[in-house]
Each structure stands twice: as structure tokens, then as C-alpha cells.
Amino acid sequence: MEHIAEKLDAMQSHIQPLNINGLKGRMLRLESQKKSGKREILMVYGHHASIERMFGLAEVMSDFGTVTMPDLPGFGGMDSYDKIGIKPSIDTLADYLATFVKLKYRKKKVTIVAMSLGFVIAVRMLQRYPELENRVELLVSLVGFTRHDDTKLSKKLTRSYKVLASVFKHKIPAWLFYNTILHPTIIKTFYAKTPNARKKFEHLSHEDKKRALDFEVVLWRENDVRTYMIMILEMLNLDNCTKQVNVPVHHVYVHNDQYFDTKIVEQHMKVIFSDYSQSEAVLPNHAPSIVATKEEAAPFVPKALRKVLS
């Protein structure tokens, strides 16, 4: 299996600096190597993610067109909204994404491929900026969701997440969280023992488990704690079913998704989108920690979606 360090080194040639509204980050730009790859594809990653985590999936998508994947404020090492005095929220992240679309796709149609929280942000963007509907020819949901009650989380666990996020969304607790709980040694010692990590790692070999855990350290350390915690609260109170979106959507779900009830997700999707289709990605859970190679990412794009993209 290709080592992640080699893959990430190769990725660097496709990374460009990104500066929007005074916020500095990065952007992946991956040209399609296939003559049939005519689409402009905008990828939006999820909550616990980065460009590095999604690079293998970007390679898969580049079979269908040129892929652009920007960092989000507070994620992937990009400046957080705190820098310019704005509170992070789904609305403000949607505003940022709208600005990006307006700048990069002024006279082009774009296909948006968004994972999990990224899909939430993309939908909110289209709800807040309906004039962008004409620029989006297809919206692809990769294990996306639309309402707080799409989740499988128990009431007890939901309450616990809300309490913890409510505490650590503030500056001083967030600083303490980053410098103590998110110390690399602590993450490697305790994170793998959490129920969430055990679920993600249970199908991995010893070598791949170590590789995934090393990358978890990177993910936890490079994302802004306050933004991360505020997004937890936003997701646990989410309702995107208040306004319809006139864009075709194809939803990719995972049967054994540890986070979402696929039937309820489907029902809510159909409230928002009249042009709705779906397909199943055969994966062991919601999403692996690392999607480092094209081969590893391939199952995220089922045959039905490949047909749509082609």
C-alpha cells in the first residue's frame, strides 16, 4: 500500500495559496487527465477533515473533470473567522463558499461534491443564495445530511456532546483543550480507545491502524478548536428542511453508517430536492480516517454516481 507521506508529497504540486476576505488558507487544483473529464468539480470536505484527508477522493473525481477543493475557515489550517471578528456558523461558512463560487465559477457551470458537514454548508449556501442555482448543474452528497434528527446518536450522547461543545467553544477553554487534551501523546494514548475511533479502526490492519492514528493527530491539531466545537452545536440543532433547492442531487449513503439513519436522511432530502437519486457506497462505516489513495477512495463513487458524472 502506498505510504501516506509519499502521497502527500506528490499532492503539494497541486496546492495553491488561497486568500478570501483576509483569511489565508490553501486550495487544491487537480486538472483532469482524461479527455472525457469535462466537468468543473468543487469539492467541499466535512467536519473532521482537510485537503490531505480527501486527496484520494479528489483523484477519483478528477476522472470526471477538473477538481478544486478549498480549505474552509477554521479547517485544514486555514485562518478561522475569529481573525476578522466573525462568529463561525453554518451561515457564515455558507457565505464563504458562495464567495468562492462567485469568484472561481463566474461563467462556468459547476458540480459540487460535498461530504457530510460540507453538504450541509453547500445546501445552506444555495438556500441563502438562490441565484447560484443556475451555476450548479449537480450537487453530490457523500454521506451528507440535512437535519439534526438524521443522526443515530442517543439522547444521552447528544446531551454530552452539547455540554462539552458549549464549554470548549469559548476561547480560554478551547486553548486549554488544544494544549492538553489534543496533545499528540494524549491523542495516541486515549483516542483509539473511544467508541468512535474503535468503530473507524475495527476493519484496519495493525499497520493501517497506526497510520490512521498518526493522521488523526494531524486532523485534530490543524483544525481550529472553537470552530470545531461550534460546528458540533450547529449540527446537533440543524434544520435545512425549511427551504427547497432547485438543483438535482445524488446522495451516496453507507449502509453501516455509524452516524446517520439512511432512511430518515432520504426522507429529509426529498423535502428539499424534487430531483433526487441515491446509491450505496459499500464501505464499513461513515468514512475512514484517511482516503489517501485513489484505490482506497474508489468505493465512495458507486457505479450509479459514475454514470451520472459521465
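Keep in mind that what you see is a predicted model, and the values were worked out from it rather than measured. Computation of the quantities below employed the complete heavy-atom set of this structure, encompassing side-chain atoms and omitting hydrogens, waters and symmetry-equivalent molecules.
- At least one donor-acceptor pair under 3.5 Å links the side chain of R306 to the backbone N or O of V301.
- By the side chain to side chain contact (heavy atoms under 4.5 Å, CB included) test, N179 is found to be paired with W175, residues two or more places apart in sequence or in another chain being considered.
- A donor-acceptor pair under 3.5 Å links the side-chain atoms of T92 to the main chain of K87, judged by distance alone.
- No hydrogens or angles considered: nothing links the side chains of E40 and T66 as a donor-acceptor pair under 3.5 Å.
- Side-chain atoms of R124 and N240 form a donor-acceptor pair, as typed in the model, at a separation below 3.5 Å.
- Atom CZ in R29 sits 12.5 Å away from atom CG in L18 (nearest 0.5 Å).
- For the atom pair R221 CZ and L182 CG, the distance stands at 6.5 Å (nearest 0.5 Å).
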side-chain contact (heavy atoms from CB on, under 4.5 Å) assessment of V249 paired with V140: CA-CA 6 Å; V249 66; V140 177; over 6 Å; no
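- Taking both residues in full, the closest heavy atoms of V252 and A281 are given as CG1-CB, 3.6 Å, listed atom of the first, atom of the second, then distance.
- To the nearest 0.5 angstrom, M54 atom CE is 12.0 Å from E59 atom CD.
- The shortest non-hydrogen separation linking I90 to M231 is N-CE, 3.7 Å.
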K152/D257 under salt bridge (Lys or Arg N to Asp or Glu O under 4.0 Å): CA gap, chis, key distance, verdict: CA-CA 9 Å; K152 293 180 176 179; D257 195 316; over 6 Å; no
Evaluation steps, side-chain contact (heavy atoms from CB on, under 4.5 Å), between R53 and Y45: CA-CA 9 Å; R53 183 182 183 187; Y45 55 65; over 6 Å; no
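- Under the 4.5 Å side-chain criterion, counting only non-hydrogen atoms from C-beta, F75 is in contact with H47.
- Under 4.0 Å is where a charged nitrogen must lie from a carboxylate oxygen, and between R147 and D149 at least one such pair does.
- Side-chain contact between M115 and L57 is present, with heavy atoms from C-beta onward closer than 4.5 Å.
- From T227, atom OG1 reaches atom CD of E234 across 11.0 Å, with rounding to the nearest 0.5 Å.
- Between V308 and R39 the shortest heavy-atom distance is O-NH2, 3.2 Å.
- Counting heavy atoms from C-beta on, the side chains of V167 and M229 never come closer than 4.5 Å.
- Atom NZ in K38 sits 13.0 Å away from atom OG in S310 (nearest 0.5 Å).
- Taking the six-membered ring where the residue is Trp, the centroids of W220 and Y178 are separated by 6.0 Å or more.
- In this structure, L139 CG and M125 CE are separated by 8.0 Å, a value rounded to the nearest 0.5 Å.
- In terms of heavy atoms, V67 sits closest to A58 at CG2-O, 3.6 Å.
- Sorted by first and then second residue, the salt bridge (charged side-chain N to carboxylate O under 4.0 Å, His left out) pairs with a member in residues 166-178 form an empty list; sequence neighbours excluded.
- Contact between I186 and I181 at its shortest, heavy atoms only, is CG2-O, 3.3 Å.
- F273 places none of its side-chain heavy atoms less than 4.5 Å from the side chain of P248.
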Show me the donor-acceptor pairs, under 3.5 Å and distance only, between side chains in residues 96-106 and residues at least two apart or in other chains.
from : atom 1 : to  : atom 2 : distance (Å)
Y96  : OH     : D71 : O      : 2.5
T99  : OG1    : D95 : O      : 3.0

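- For K24, the NZ atom is loosely surrounded, since the number of other residues' heavy atoms within 6.0 Å does not exceed 12.
- F119 places a side-chain heavy atom less than 4.5 Å from the side chain of T146.
- When atom types are taken as modelled, the side chain of E133 and the backbone of N246 share a donor-acceptor pair closer than 3.5 angstrom.
- Judged purely by distance below 3.5 Å, without hydrogens or angles, the side chains of S277 and H251 never pair a donor atom with an acceptor atom.
- The only option from E280, K263, M269 that meets the side-chain contact (heavy atoms from CB on, under 4.5 Å) definition with Y253 turns out to be E280.
- Of the N and O atoms on the side chains of E222 and S50, at least one donor lies less than 3.5 Å from an acceptor on the other residue.
- The shortest distance between side-chain heavy atoms of I15 and M27 does not fall below 4.5 Å.
- Q278 is not listed as a side-chain neighbour of T262, based on a closest heavy-atom distance of 4.5 Å or more.
- In terms of heavy-atom proximity, I112 sits nearest to A122 at CG2-CB, 4.2 Å.
- Between H48 and Y228, the two ring planes are perpendicular [angle over 60°; tilted spans 30° to 60°].
- Side-chain atoms of D150 and H268 form a donor-acceptor pair, as typed in the model, at a separation below 3.5 Å.
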Steps toward side-chain contact (heavy atoms from CB on, under 4.5 Å) verdict (E266, Y276): CA-CA 9 Å; E266 178 184 355; Y276 173 86; 3.8 Å; yes
Derivation of the side-chain contact (heavy atoms from CB on, under 4.5 Å) call for V136 and L42: CA-CA 10 Å; V136 181; L42 171 62; over 6 Å; no
